[in-house]
Amino acid sequence: MGSLGAILRHPSDFYPLMKLKMAASNAEKQIPPQPHWGFCYSMLHKVSRSFALVIQQLGTELRDAVCIFYLVLRALDTVEDDTSIPTDVKVPILKAFHQHVYDNEWHFSCGTKEYKVLMDQFHHVSTAFLELGKRYQEAIEEITKRMGAGMAKFICKEVETIDDYDEYCHYVAGLVGLGLSKLFHASGAEDLAPDSLSNSMGLFLQKTNIIRDYLEDINEIPKSRMFWPRQIWSNYVNKLEDLKYEENSEKAVQCLNDMVTNALTHVEDCLTYMSALRDPSIFRFCAIPQVMAIGTLALCYNNIEVFRGVVKMRRGLTAKIIDRTRTMADVYGAFYDFSCMLKSKVDKNDPNATKTLSRIEATQKSCRDAGLRNKRKSYILPSEPRYSFVPVLVLLIILAIFLAQFFASRSSNY
Ligand code: D61
Ligand code: MG
């Protein structure tokens with residue numbers, strides 16, 4: 001849960017945080033009894049706190065397909081991400097991964113911690129995959145094949161141009177968007193979305209990750225990983241790693257802002273994609289990560305901390321977004337709020353200020369034109385007086401301690 005200090009500074013975080021905590025502990029208790037499905041769902045919770053929660057609220061049949069889709073691609077990504085596997089071993093595995101999912105005796109040990117468990121016990125994922133409907137299996141197989149081939153291509157190739165950057169992001173995340181759209185369609189709940197919009201949904205999320213994870217990726221052992229395109233960073237420094245040195249702070253922030261401005265090009269498509277969804281649970285599943293992404297971009301923009309450590313949204317704000325993202329009006333409202341926050345951070349002297357502002361204003365216009373953002377609380381402005389809140393808060397904390405003990409004693413009975 002969020003730290004006590006953070007809750008005192010943002011008292012309105014408390015209730016959504018409690019709700020999230022309860023939802024998460026409920027989800028963890030609903031692990032299916034069959035060993036392979038039990039493994040898949042407990043693995044999902046271990047490897048992805050954020051996606052597990054949004055996947056959890058889909059209808060059963062689609063949820064199973066999305067869960068397996070996630071784990072298969074996460075396993076493929078674990079092979080890609082393991083910098084200790086030699087290229088000549090890694091490339092054939094990536095290329096043949098889509099065939100391995102049909103073989104429940106296949107496994108390849110790599111990765112660390114929970115990822116290692118996923119790889120070592122991959123037979124549970126294959127077994128569950130083989131129980132999915134044919135249309136789900138075919139969609140997962142096709143995307144796994146294309147992603148594996150794309151990852152293999154980029155093992156031996158660096159991200160030089162902005163086109164390379166878009167192409168790499170297409171393989172690792174745009175294709176997830178295409179696959180999800182196919183799964184939604186196969187479930188009968190949605191029309192099939194155009195590929196270019198599905199692709200943008202993935203690109204917006206992946207680019208946000210790549211921006212936020214600069215330091216983690218550059219410091220990767222044994223070999224740093226570089227996803228920022230040379231075509232962008234070479235306008236600011238001679239080597240990508242130079243961005244992390246204090247003497248380059250000004251250039252680093254300008255380069256960061258350039259990267260954020262690039263990511264903003266996908267916002268329009270994402271809004272269009274989401275506005276076409278009809279099923280409320282699929283809508284939430286898609287919208288929550290998108291709102292978190294624009295929130296993260298707003299936080300990272302013009303923020304030197306990206307080059308110093310981890311920049312993450314506070315837990316309480318994440319909990320609020322999960323709680324309050326239900327309809328397209330909520331999404332327009334959130335995109336509008338975070339665009340205002342971005343706008344307030346643009347420095348007139350930034351080399352890309354004009355371009356950035358025009359993209360922010362285009363987003364604000366889309367949100368206003370939709371005319372749906374009525375009567376909602378802002379994510380960026382404090383909306384409640386703080387003084388009268390403190391005694392209530394103390395009471396709530398006491399309540400929380402009781403509840404925590406209650407749940408702890410319940411779970412220790414299993
Ligand atoms: C709607 C809802 C969710 C969506 C979507 C549309 C479109 C695309 C995506 C989710 C995928 C977004 C990926 C963004 C996070 N990036 C990563 O996790 C990177 O790995 C990429 C390759 C594996 C993708 C696995 C995946 C992720 C999310 C899913 C999913 C599959 C299936 C269903 C639902 C969501 C990143 O991973 C390292 C890390 O951050 O841990 C990397 O290696 O670059
Ligand atoms: Mg990866």
Side-chain angles (χ1 to χ4, degrees), residues 40 43-44 46-58 62-83 85 90 94 97 110-115 118 125 136 139-140 143-144 146-148 150-152 154-155 159 165 168-184 190 193 195-214 216-217 220 225-228 263 266 269-274 276-277 279 281-293 296 310 312 325 331:
C40 290
M43 211 59 229
L44 179 67
K46 285 190 196 112
V47 294
S48 168
R49 270 180 296 119
S50 53
F51 282 118
L53 248 140
V54 286
I55 290 176
Q56 203 62 44
Q57 39 98 43
L58 293 168
L62 181 59
R63 188 206 311 158
D64 285 349
V66 173
C67 172
I68 300 308
F69 186 41
Y70 179 82
L71 292 175
V72 168
L73 298 183
R74 184 52 67 209
L76 180 69
D77 184 52
T78 303
V79 177
E80 188 214 19
D81 288 353
D82 189 329
T83 43
I85 309 170
K90 191 186 278 196
L94 293 174
F97 209 87
C110 65
T112 57
K113 295 181 268 179
E114 59 274 20
Y115 299 96
L118 170 66
V125 181
Y136 295 125
I140 296 173
I143 298 301
T144 307
R146 291 167 68 181
M147 191 183 292
M151 283 172 163
F154 275 90
I155 294 292
V159 180
Y165 181 49
Y168 176 75
C169 292
H170 163 73
Y171 294 134
V172 302
L175 284 173
V176 180
L178 266 66
L180 286 169
S181 295
K182 280 179 202 275
L183 299 181
F184 301 159
E190 300 287 351
D195 284 356
S196 73
L197 297 185
S198 307
N199 187 52
S200 294
M201 289 287 283
L203 259 59
F204 190 58
L205 301 180
Q206 183 65 17
K207 287 185 175 182
T208 304
N209 265 23
I210 287 177
I211 294 168
R212 185 200 58 195
D213 295 342
Y214 165 84
E216 195 185 310
D217 290 334
E220 181 78 28
R225 316 194 34 185
M226 299 191 262
F227 303 111
W228 290 32
H266 305 293
D269 277 359
C270 294
L271 291 173
T272 307
Y273 180 97
M274 289 185 278
L277 295 171
D279 180 276
S281 73
I282 293 179
F283 177 81
R284 260 167 69 81
F285 169 77
C286 292
I288 291 168
Q290 297 291 326
V291 173
M292 309 262 278
T296 303
V310 190
K312 269 203 160 165
T325 304
V331 170

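Whatever order the structure lists ligands and atoms in, that order sets their numbers, starting from 1. Residue indices begin at 1 and follow the sequence shown.
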(request) Could you tell me whether the side chain of Glu80 reaches within less than 4.5 Å of the side chain of Ile155, counting heavy atoms only? (result) yes
(request) Look at the side chain of Arg146 and the backbone N and O of Tyr171, then say whether any donor-acceptor pair between them is shorter than 3.5 Å. (result) no
(request) Indicate yes or no for a side-chain donor-acceptor contact from Lys46 to the backbone of Lys113 under 3.5 Å, with no hydrogens or angles considered. (result) no
(request) Could you point out which residue of Ser196, Ser200, Ser181 forms a side-chain hydrogen bond (donor to acceptor under 3.5 Å, both in side chains) with Tyr273? (result) Ser181
(request) Working to the nearest 0.5 Å, report the span between CG of Asp81 and CE of Met151. (result) 7.0 Å
(request) Could you please give the number of protein N/O/S atoms within less than 2.8 Å of the Mg ion (ligand 2)? (result) 3
(message) With a 4.0 Å heavy-atom cut-off, what residues sit around ligand 1?
(response) Phe51, Val66, Phe69, Tyr70, Leu73, Arg74, Asp77, Asp81, Val172, Ala173, Val176, Gly177, Leu180, Gly202, Leu205, Gln206, Asn209, Phe285, Cys286
(message) Looking at every non-hydrogen atom in both residues, tell me the closest pair between His170 and Asn199 and how far apart they are.
(response) ND1-OD1, 2.8 Å
(message) Measuring only between side-chain heavy atoms, which start at C-beta, is Met274 closer than 4.5 Å to Phe283?
(response) yes
(message) When you compare the side chain of Val176 with that of Ile143, does any pair of heavy atoms fall below 4.5 Å?
(response) no
(request) Classify the ring geometry between Phe285 and Phe184 as parallel (under 30°), tilted (30 to 60°) or perpendicular (over 60°). (result) perpendicular
